[in-house]
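A quick write-up on the structure given underneath.
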Amino acid sequence: MKRIIIHWTAGGYYPNQTDLLHYHFLIDKDGKIHNGVYSVKDNENCLDGVYAAHTGGGNTGSIGIAFCGMLGFKSRQDIGKYPLTQKQCEAGFKLAADLVKKYNLNINDPLTIQTHYGFGKRNPKTSSSGKIDIVFLPHAAYLQPNEIENFIKNKVKWYMQQ
């Protein structure tokens, strides 16, 4: 594996069957981690069609982590009824740190931890271009969309040192 891509589901606080098919790990509002249908190993090579399809144009070699929530998000001022909780985000950041260690990923490589939004910005010719997850973290509302990826990377680094 070469990277972790962080998402929100744009759904409710708990994973549904579609979510479980598209992500390796999902974190509910209480911080509980749910395993998706596909294993991380399934995304080593996606040519067989049996993999977690979480990032258009970037599934091969990618681990997909999704925070359950953000259904109804329209803007920073209208975030919907299912805003991400700090508890679930912290659980997801810790999970990412554990996965970086488990798969011996280079945390200092700027592409090791990405958001779906960031991947789409860097890969504008993929179907991930224009995705808005993650452009807002309710518990860190001061962050601009282009700052969130670095915020997450720093949280993952912090958890790696604990």
Side-chain angles (χ1 to χ4, degrees), residues 1-73 79-107 109 111-123 125-139 148-149 151-153 155-156 159-160:
M1 302 312 289
K2 57 186 173 185
R3 64 183 161 237
I4 297 170
I5 301 182
I6 311 283
H7 307 261
W8 65 38
T9 63
Y13 279 136
Y14 300 96
N16 61 38
Q17 192 58 38
T18 300
D19 298 336
L20 293 168
L21 286 170
H22 287 91
Y23 306 102
H24 297 105
F25 304 98
L26 296 109
I27 299 93
D28 70 29
K29 78 176 192 93
D30 302 313
K32 181 180 176 189
I33 298 167
H34 302 261
N35 291 321
V37 170
Y38 297 103
S39 72
V40 169
K41 186 170 177 46
D42 289 327
N43 280 56
E44 287 179 357
N45 182 334
C46 299
L47 294 177
D48 63 2
V50 180
Y51 63 95
H54 54 85
T55 306
N59 289 303
T60 300
S62 297
I63 301 168
I65 296 175
F67 298 114
C68 297
M70 299 307 282
L71 175 68
F73 176 84
I79 63 173
K81 294 181 180 178
Y82 300 92
L84 302 182
T85 67
Q86 185 168 1
K87 187 173 187 175
Q88 82 185 128
C89 288
E90 293 299 328
F93 303 152
K94 182 180 183 316
L95 172 62
D98 293 343
L99 292 168
V100 166
K101 290 178 186 177
K102 179 177 181 175
Y103 291 97
N104 197 29
L105 302 176
N106 179 1
I107 192 62
D109 180 331
L111 300 180
T112 296
I113 303 289
Q114 300 183 48
T115 61
H116 198 185
Y117 169 78
F119 181 88
K121 295 287 270 185
R122 282 186 287 284
N123 298 278
K125 293 183 180 180
T126 66
S127 61
S128 288
S129 180
K131 298 296 182 182
I132 62 169
D133 55 315
I134 295 176
V135 295
F136 182 74
L137 289 172
H139 71 279
I148 291 173
E149 204 170 72
F151 175 84
I152 292 172
K153 287 176 194 177
K155 292 293 283 190
V156 171
Y159 276 108
M160 289 180 70

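In what follows, every heavy atom counts, from backbone to side chain, and hydrogens, waters and symmetry copies are set aside.
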I'd like to check the ring pair (Phe, Tyr, Trp, His ring centres under 6.0 Å) partners of Tyr38; sequence neighbours left out, ordered by chain and number.
none

Side-chain donor-acceptor pairs under 3.5 Å in residues 95-105, sequence neighbours left out?
residue, atom, partner, partner atom, Å
Asp98, OD2, Lys94, NZ, 3.2
Lys101, NZ, Met160, O, 3.1

Evaluate the criterion side chain to side chain contact (heavy atoms under 4.5 Å, CB included) for residue pair Met70 and Asp133; output intermediate values, then yes/no.
CA-CA 9 Å; Met70 299 307 282; Asp133 55 315; over 6 Å; no

Looking only at heavy atoms, what is the nearest atom pair of Gln17 and Val37, with distance?
NE2-CG2, 4.0 Å

Return each pair, listed once, that meets salt bridge (charged side-chain N to carboxylate O under 4.0 Å, His left out) where at least one residue sits in residues 32-42; pairs must be two or more places apart or across chains.
Lys41-Glu44

Looking only at heavy atoms, the pair that brings Cys68 and Gln88 closest together is O-NE2, 3.1 Å

Under 3.5 Å donor-acceptor, His24 side chain and Gly64 backbone:
yes

For Ile27 and Phe93, what are the C-alpha separation, side-chain angles and deciding distance, and is it a side chain to side chain contact (heavy atoms under 4.5 Å, CB included)?
CA-CA 10 Å; Ile27 299 93; Phe93 303 152; over 6 Å; no

With sequence neighbours left out, which residue pairs that include part of residues 82-93 fulfil the salt bridge (charged side-chain N to carboxylate O under 4.0 Å, His left out) condition?
Glu90-Lys155

Partners passing side chain to side chain donor-acceptor pair (under 3.5 Å) against Asp30 (at least two apart in sequence or in another chain):
Tyr14

For Lys131, which residues count as a salt bridge (charged side-chain N to carboxylate O under 4.0 Å, His left out) partner, sequence neighbours excluded?
none

Partners of Gln114 by side chain to side chain donor-acceptor pair (under 3.5 Å), sequence neighbours excluded?
Arg122

Stepwise side chain to side chain contact (heavy atoms under 4.5 Å, CB included) test for Phe67 and Thr9:
CA-CA 6 Å; Phe67 298 114; Thr9 63; over 6 Å; no

Pairs in or reaching into residues 45-62: which pass side chain to side chain donor-acceptor pair (under 3.5 Å), with residues at least two apart or in two chains?
Arg3-Ser62, His7-His54, His7-Thr55

By ring pair (Phe, Tyr, Trp, His ring centres under 6.0 Å), Tyr159 pairs with (sequence neighbours left out) none

Please check if the side chain of Thr112 supplies one atom and the backbone of Asn106 the other of a donor-acceptor pair under 3.5 Å.
yes

Under the criterion side chain to side chain contact (heavy atoms under 4.5 Å, CB included), I'd like the reasoning laid out for Leu137 against Leu84: C-alpha separation, chi angles, the key distance, then a yes or no.
CA-CA 7 Å; Leu137 289 172; Leu84 302 182; 4.1 Å; yes

List in chain and number order the residues that pass side-chain contact (heavy atoms from CB on, under 4.5 Å) with Asn16, two or more places apart in sequence or in another chain; answer none if no residue qualifies.
Thr18, Asp19

Test of understanding: with side-chain contact (heavy atoms from CB on, under 4.5 Å), list the residues that count as partners of Tyr82, not counting sequence neighbours.
Tyr13, Leu71

Holding to side chain to side chain donor-acceptor pair (under 3.5 Å), I want the full list of residues that pass it with His139, two or more places apart in sequence or in another chain.
none

